[in-house]
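As structure tokens, the structure follows; a few thoughts come after it.
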Amino acid sequence: MPDSLPSDSVGLVSPKTIHFDTPLELACGQTLESYDLVVETYGKLNADASNAVLICHALSGHHHAAGYHSLDDRKPGWWDSCIGPGKPIDTNRFFVVSLNNLGGCHGSTGPNSNNPETGKPYGPDFPVVTVADWVASQARLADHLGIQQWAAVVGGSLGGMQALQWSLDYPDRLRHSVVIASTPRLTAQNIAFNEVARQAIISDREFFEGRYYDENLVPKRGLMLARMVGHITYLSDASMGEKFGRELREEAYKFGFDAEFQVESYLRYQGERFSETFDANTYLLMTRALDYFDPAYDFGGDLSKALAPAQCEYLVLSFSTDWRFSPARSEEMVNAMISARKRVSYAEIDAPWGHDAFLIPTPRYTDIFTAYMDRVAREVGA
Amino acid sequence: MRADLEIIQQWVRPGHHILDLGCGDGTLLDFLQRERNATGFGLEINPDHITTCMGRGVRVIEQNLDTQGLDNFDDGMFDIVLMTQALQAVRRPDKVIDEMLRVGREGIVTFPNFAHWRLRWGLALSGRMPESDALPYKWYNTPNIRLCTFKDFEALCRQKGIKIKSRRVVDGQHQNSWLARLWPNLLGEIAIYRITRETT
């Protein structure tokens, strides 16, 4: 933690839990009778509530997107590089709302929350939620906060899918949809990686079919493996090469199977840390939400038809070395928007960091994002 | 106002859907959006220009005409496809013109005239590749790899059966000049062509 908070930080923030009593019908057919959403907000909502920006998180994200919870925090929120005073999403102008999605494990109702019917954690009984379900719950949150229309809904990766879904499900409730490093649907390869991650968790002996809470255990090895495999897809060959190369932890080969290469120990470390803070059932749910996302599905695969109701303006950004959701996937989306006669801008940003580039402030990314959001702010008088 | 903007504006009807190939910093589209309530996109590859467009509310797509073409645009989806001072910089101007008139009902093309008297004079006198305000590069670093004259362009249009609806000739500062109107291929520096495949 820094001795003093940086001047372009939103500073010390604290999350709020909001309880919702109106039942939420889910895509799977089940209904959540009541639920909690954990939320952080930065900046001030203006008098006509026109300057609100919704941040949608990715697979392992949560509500803590910017600032610090305490002066002892080692790191700020996950998107602190883009949210703060003078940053692309400028908290001097925007009122920023960031939440933990349903099914998450950071305070919003999810598999590790108590099921009011049994008094025990939901575990595997928590319904499989979809991107559209999240968007519906986020619309309830907007109602609660008195926000009729978002100046922008913004997200990277799985968050970008929510930004896209918003434009289809609530066309008049957002002015801009900012879709970063995302895709209109997963490829077979994407789903395959998710399946490996899920199998790693499910086949862990301590998973107990999702009821590990009752055993006071955690399927740590499975979760760790899932994260390791996922993490590889977030980086590029080049960035891994630059970071680790073939560097060894010690000088010579040891002719065994311990972590001898730096990249091995890095992945193990990342996996272990993740397995201490993340819930295995949530990981299963989030990857399924990714797999199922396909707004064109009901329109014979024609995304431009699915986009027909949208009214917002889109900004789509991709990164040159992202092979998880490659620039070609973003272009697919952009082309459908063009065909559907929607307003869209698109740039492919040259960055070496693969999929993770959407979290890293490269100059061109920051410039474009800042220029676009500045225009959004001017448009809503913020 | 720049004379070329003034001229192009006259050919744009309110609400026209426009594609601007090589839209630069978006000056023209911004102007047409405000003055003519036009909609549409610019295509551009220069990162700084793209950022400027996004900041001023011009919808811009990062797309390279040479490598990506216009395959992602449907037939006849634009009222007008613009290309100002970029035709001479693409690899296959003939194919770009075909594509312009596939995705748009009408094309507006501007380019520098390589037969302007000063360029002819420069080449004749010095025996070196000519340079001018409109063409300020050296032969080895110029992005203008497909220079042509007004006559060349008109011959290509004839060969392709493309109709030239209007032609306006201006000088290097985009000003109208009666001399350039009198003897365009010798005295005109920049031409603004309005072309179509439609017969009416």
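Model, not experiment: these values are computed from the prediction. Naming convention: chains lettered A, B, ... in sequence-line order (proteins, then strands); numbering from 1 in each chain.
The pair B:Glu99-B:Arg197 does not meet the salt-bridge criterion, since no charged nitrogen lies less than 4.0 angstrom from a carboxylate oxygen. Using a cutoff of 4.0 Å between basic side-chain nitrogens and carboxylate oxygens, A:Asp322 and A:Arg324 are not scored as salt-bridged.
Between B:Thr110 and B:Gln85, the side chains place a donor N or O and an acceptor N or O closer than 3.5 Å (distance only, hydrogens not considered). For the residue pair B:Asn72 and B:Gln63, a side-chain donor N or O sits within less than 3.5 Å of a side-chain acceptor on the partner. With no hydrogens or angles considered, a side-chain donor-acceptor pair links A:Glu379 and A:His176 at under 3.5 Å. A donor-acceptor contact closer than 3.5 angstrom links the side chains of A:Asn46 and A:Ser50. When only modelled atom types and interatomic distance are considered, A:Thr370 and A:Asp367 share no side-chain donor-acceptor pair under 3.5 Å.
Using the six-membered ring where Trp is involved, B:Phe150 and B:Phe111 have ring planes that are perpendicular, over 60° apart on the 30 and 60° scheme.
Residue A:Lys44 qualifies as open at atom NZ: its count of foreign heavy atoms under 6.0 Å is 12 or below.
With chain B as partner, the option from A:Val334, A:Val316, A:Ile338, A:Leu315 having the largest number of non-hydrogen pairs under 4.5 angstrom is A:Ile338.
The aromatic ring centroids of B:Phe73 and B:Phe78 lie less than 6.0 Å from each other.
Proximity to chain A at a heavy-atom threshold of 4.5 Å picks out B:Met54, B:Gly55, B:Arg56, B:Gly57, B:Val58, B:Arg59, B:Val60, B:Ile61 from residues 53-61 of chain B, in numerical order. Heavy-atom neighbours of chain B within the stretch residues 341-355 of chain A, taken at a separation under 4.5 angstrom, comprise A:Arg341, A:Lys342, A:Arg343, A:Val344, A:Ser345, A:Tyr346, A:Ala347, A:Glu348.
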